[in-house]
A.B. asks: 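One structure coming up, written as structure tokens, with questions to follow.
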Amino acid sequence: MSEPSYEHVYVSEAFEDTKDLPEVHLDVLGEHIDLPNLNSPRLPLGIVSAALELSDGGDANKGLRTFIDYFQATQPALWRKLETEENGVGWLVGIIEAWSLQSGMDPKA
């Protein structure tokens, strides 16, 4: 039996020469958080589907689970503060809306 032939894969030309977009900086409950631009080709893969939902004019509530997982993993100090807030979900949706607006998206479009 012969060995299979494997095709080399390269970065898509559409993303090869893309420049980094500026990070988004937010002040939430006294926590300064630095987030990747949601339009960046270097966006963490774990939140790409949620970012695509927002870029299509989707509601910030859609994909909320993805953002929850992201903030728990990458922003533990902020997450602890959100857990003590009476309206933690409202804060979370507000963060997502501000993040998308600062990334050049309109989450309510």
A.B. asks: Give the minimum heavy-atom separation between L43 and P36, together with the two atoms involved.
C.D. replies: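 Closest approach of L43 to P36: CD1-CG, 4.0 Å.
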A.B. asks: Working note: L82 + I95, criterion side chain to side chain contact (heavy atoms under 4.5 Å, CB included); need CA distance, chi angles, decisive distance, verdict.
C.D. replies: CA-CA 11 Å; L82 290 175; I95 294 166; 4.2 Å; yes
A.B. asks: What is the distance from atom CH2 of W79 to atom CG of L92, rounded to the nearest 0.5 Å?
C.D. replies: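 Reported value, rounded in 0.5 Å steps: 5.5 Å.
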A.B. asks: Can you name the residues that form a side chain to side chain contact (heavy atoms under 4.5 Å, CB included) with S103, not counting sequence neighbours?
C.D. replies: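 Per chain and number, S103 pairs via side chain to side chain contact (heavy atoms under 4.5 Å, CB included) with V24, N37, L38, N39, W99.
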A.B. asks: Supply the atom-to-atom distance L26 CG to L101 CG, rounded to the nearest 0.5 angstrom.
C.D. replies: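 Here the interatomic distance stands at 10.0 Å.
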A.B. asks: To the nearest 0.5 Å, tell me how far I47 CD1 sits from T66 OG1.
C.D. replies: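 It is 9.0 Å, given to the nearest 0.5 Å.
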A.B. asks: Filter on salt bridge (Lys or Arg N to Asp or Glu O under 4.0 Å), then keep only pairs touching residues 73-88, sequence neighbours left out; what's left?
C.D. replies: E31-K81
A.B. asks: Donor-acceptor pairs under 3.5 Å, side chain of residues 69-76 to any protein atom, not counting sequence neighbours: which ones?
C.D. replies:
from: D69; atom 1: OD1; to: R65; atom 2: NE; distance (Å): 3.1
from: D69; atom 1: OD1; to: R65; atom 2: NH2; distance (Å): 2.3
from: T74; atom 1: OG1; to: Y70; atom 2: O; distance (Å): 2.8

A.B. asks: E23: what forms a salt bridge (Lys or Arg N to Asp or Glu O under 4.0 Å) with it, not counting sequence neighbours?
C.D. replies: none
A.B. asks: Please enumerate all residues that pass side-chain hydrogen bond (donor to acceptor under 3.5 Å, both in side chains) together with D34, with sequence neighbours excluded.
C.D. replies: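 Partners of D34 by the side-chain hydrogen bond (donor to acceptor under 3.5 Å, both in side chains) criterion, ordered by chain and then number, come out as H25.
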